[in-house]
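Beneath this line is the structure, given in structure tokens, with notes to follow.
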Protein chains: 2
Amino acid sequence: MKLTITDVAEKAGVSKATISRYLNGRFEHMSATTKAHIAAVIAELNYTPSPQASSLKTNRSHLIGVVVADISNIYSTLLISGINKVTQQSMDQILINDAANDLKSEAKALEMLLSMNVDGIIMQPLSPVAHHYDLIRDSQTPMVLVDRITRPLTWPTVTADDYRSTAKLAQAILNSHYEDILILINPIAQISTRQSRYQAFVDTFKKTPTTVTLLETDNDSITPLANWITAHPQKHPLIFAGNGRLLMATLRWLHDKGLRIPQDVALSGYDDWDWAELVTPGISAVSQHPDVIGQTAAELLAQQIAGEPVAVQRMEIPADVRIRSSF
Amino acid sequence: MKLTITDVAEKAGVSKATISRYLNGRFEHMSATTKAHIAAVIAELNYTPSPQASSLKTNRSHLIGVVVADISNIYSTLLISGINKVTQQSMDQILINDAANDLKSEAKALEMLLSMNVDGIIMQPLSPVAHHYDLIRDSQTPMVLVDRITRPLTWPTVTADDYRSTAKLAQAILNSHYEDILILINPIAQISTRQSRYQAFVDTFKKTPTTVTLLETDNDSITPLANWITAHPQKHPLIFAGNGRLLMATLRWLHDKGLRIPQDVALSGYDDWDWAELVTPGISAVSQHPDVIGQTAAELLAQQIAGEPVAVQRMEIPADVRIRSSF
DNA sequence: ATGAAAGCGCTAACAT
DNA sequence: ATGTTAGCGCTTTCAT
């Protein structure tokens, strides 16, 4: 049977209040003897207090909600692993929820978390409009956004430095003088990071003869790319795949078609989870650090929960640009 | 301000008890009018009950604890994603904990989960000895093990069919007549799956002239392999890397050394998260399905929690063997 | 068909 | 320095 604070109090011959004080580290007015005695009794009984009971009174659940856009994406693991580093320290538990790239699911996840009375939320938002998340603001629950920004800026946000890192990659491509650059990316209207990645290319090639073509796609499908390449068999384009899944899908398609990299088409992309270098001839890519993003977000959230002021601003975690031999 | 059941009761002009009955779907003795009325009020107020308060009374937390061996491993995401599929349905929340490949951390995670009063636990155990987890048995908390077994068999366990799938791969290798097979794997004494993978090779090549060499390593280091290859420059071995990380590390090392696959060394491994085919020349590997394992485990756990009897046995989820061109 | 009241394990005034 | 007591939001007998 699970022990309660009453059991401990009886065994120790003191009141529940004293035990409670002990548990919460309020020793200011406690005699050293009772303190030691309580410690001994707790150790002997191997008693652990019930967080839910305490939560009921204190309104602090020691639960952190995490909502990821798509849990099957590697980004999620890395992000969670980073968050975990700090919650482990603070003895908080994380509640993982998957939005499955669906606004309805995301909303449900958020409601769930609120009803669970989480102390704070870390979310990789699906919607770019802050308004969409008014219920969080209304509930007064601290939140930190990761990976994508939301307008107007309402919560502290931690992302990669998409624009800067992509521009760096674009700069490297500049020297190779491609006629056509194909940006294969999910709909950019929605997501800030996608816009930045596209814009970095546009800006870099603005005053060059290079044509930058935007190929918007859905659900990481590469059909628009396949169509373009099939329609322009004589061209020798450079492809920039806007995320890891697209990069992988593109690679697989080129493979199937027997197209050689970089002889037939050149390739580059965003996100490389260590495998891009293993693929012959080594894919040049931007490599971000979701674990650092997660850790930073968790620290920011912890501050907010502790009542310390946190600036509502975007923090950018630098990504690495790894140039290999794919263009 | 957060609404309580009392607010709803007042607004609806009925007692808390009636609201509670409504919330728990006990309509047997409820007039259709009050039922409809309560529904309307709840919708209007947008009320959501507090799980922790209810948990206090019912002893059901709707929390499922998940302990993974190493959260930064892709296996974890896939596993969680599978678990998530079923917990989403049942409105349960999952509490992810990382054992970080460390028995002390694992024990702490388990204690944490017990004190959180979780309804059940899904664990990828670090220790092969069931005794190690007696505190779970003592606490009467339902548990399902995944990925690795524990002796004696104490909990329902869901794993891949390590032996069978590895044997299938070994069989394919058999026809290529290698003189030396190097099994690179983390310490096999500890983990059941590792033993099975090794044993599958030993058994397959028992009556052949092929030598099967066990190269035990630690922390996914490839030093033992590097040493062997350096020491036998004239040989043309086939390597079997016991997990995805080792496979990747091996690949990277061969790359660095300029060793060609399969001309200089042949390669194969366990775990392929879709990238193995993209690496030239396409790595032959066993591909397991952690998401299915997770889903199955979660279903088993749900049954146990519901009080339905669940057989204490090992369930094997078939892995795929993907033969490509690396040997 | 519905309500009153006690209590789940804990915390926090307010006593003493 | 420690105890008493009244809840936190919900469920559940037992009444009516």
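Given the structure is predicted, the values throughout are model-derived calculations rather than measurements. Here is how names work: the chains are called A, B, and so on, in the same order as the sequence lines, proteins then strands, and each is numbered from 1.
For A:Ala306, the side chain to side chain contact (heavy atoms under 4.5 Å, CB included) partners at least two apart in sequence or on another chain are A:Glu308. Take B:Lys35 and apply the side-chain hydrogen bond (donor to acceptor under 3.5 Å, both in side chains) test, not counting sequence neighbours, and it matches no residue. Scored by the side chain to side chain contact (heavy atoms under 4.5 Å, CB included) test, A:Glu299 finds A:Val86, A:Gln295 as partners (sequence neighbours excluded). Applying the side-chain hydrogen bond (donor to acceptor under 3.5 Å, both in side chains) criterion to B:Arg151, with sequence neighbours excluded, gives no partner residue. In this structure B:Asn59 satisfies the side chain to side chain contact (heavy atoms under 4.5 Å, CB included) test together with B:Asn117, sequence neighbours excluded.
Residues from residues 9-18 of chain A with heavy atoms under 4.0 angstrom of DNA chain D, sorted by number: A:Gly13, A:Val14, A:Ser15, A:Ala17, A:Thr18. Of the residues in residues 34-54 of chain B, those with a non-hydrogen atom less than 4.0 angstrom from any atom of DNA chain D are B:Tyr47, B:Pro49, B:Ser50, B:Ala53, B:Ser54.
Looking at B:Asp291 and B:Leu79, their side chains never come closer than 4.5 Å, going by heavy atoms from C-beta outward. Side-chain contact between A:Gln288 and A:Thr159 is absent, with no heavy-atom pair separated by less than 4.5 Å.
Under the 3.5 Å distance criterion, the side-chain polar atoms of B:Asn24 are left unmatched by any main-chain donor or acceptor of B:Arg26. At least one donor-acceptor pair under 3.5 Å links the side chain of A:Asp102 to the backbone N or O of A:Ser105. The backbone N or O of B:Pro156 sits nowhere less than 3.5 Å from a side-chain atom of B:Arg314 that would complete a donor-acceptor pair.
Just one of A:Val144, A:Ile136, A:Val312, A:Leu301 meets the side chain to side chain contact (heavy atoms under 4.5 Å, CB included) condition when paired with A:Trp155; it is A:Ile136.
Along DNA chain D, the stretch of nucleotides lying under 4.0 Å from any heavy atom of chain A spans, 5' to 3', D:dA1 to D:dG9. Contacts between chain B and DNA chain C, taken as any atom within less than 4.0 angstrom of a protein heavy atom, begin and end at C:dA1 to C:dG9.
Applying the ring pair (Phe, Tyr, Trp, His ring centres under 6.0 Å) test to every pair with at least one member in residues 5-61 of chain A, sequence neighbours left out, gives these pairs: A:Tyr22-A:Phe27.
Within the helix from C:dA1-D:dT16 to C:dT16-D:dA1, the inter-axis angle between the opening and closing five-pair segments is 40°, rounded to 10°.
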List the atom pairs, donor and acceptor, that lie under 3.5 Å between side-chain atoms in residues 119-129 of chain A and the rest of the protein, sequence neighbours left out.
residue	atom	partner	partner atom	Å
A:Asp119	OD1	A:Ser61	N	2.8
A:Asp119	OD1	A:Ser61	OG	3.3
A:Asp119	OD2	A:Arg60	NH1	2.8
A:Asp119	OD2	A:His62	N	2.7
A:Gln124	OE1	A:Ala69	N	2.9
A:Gln124	NE2	A:Asp147	OD2	2.8
A:Ser127	OG	A:Val129	N	3.0

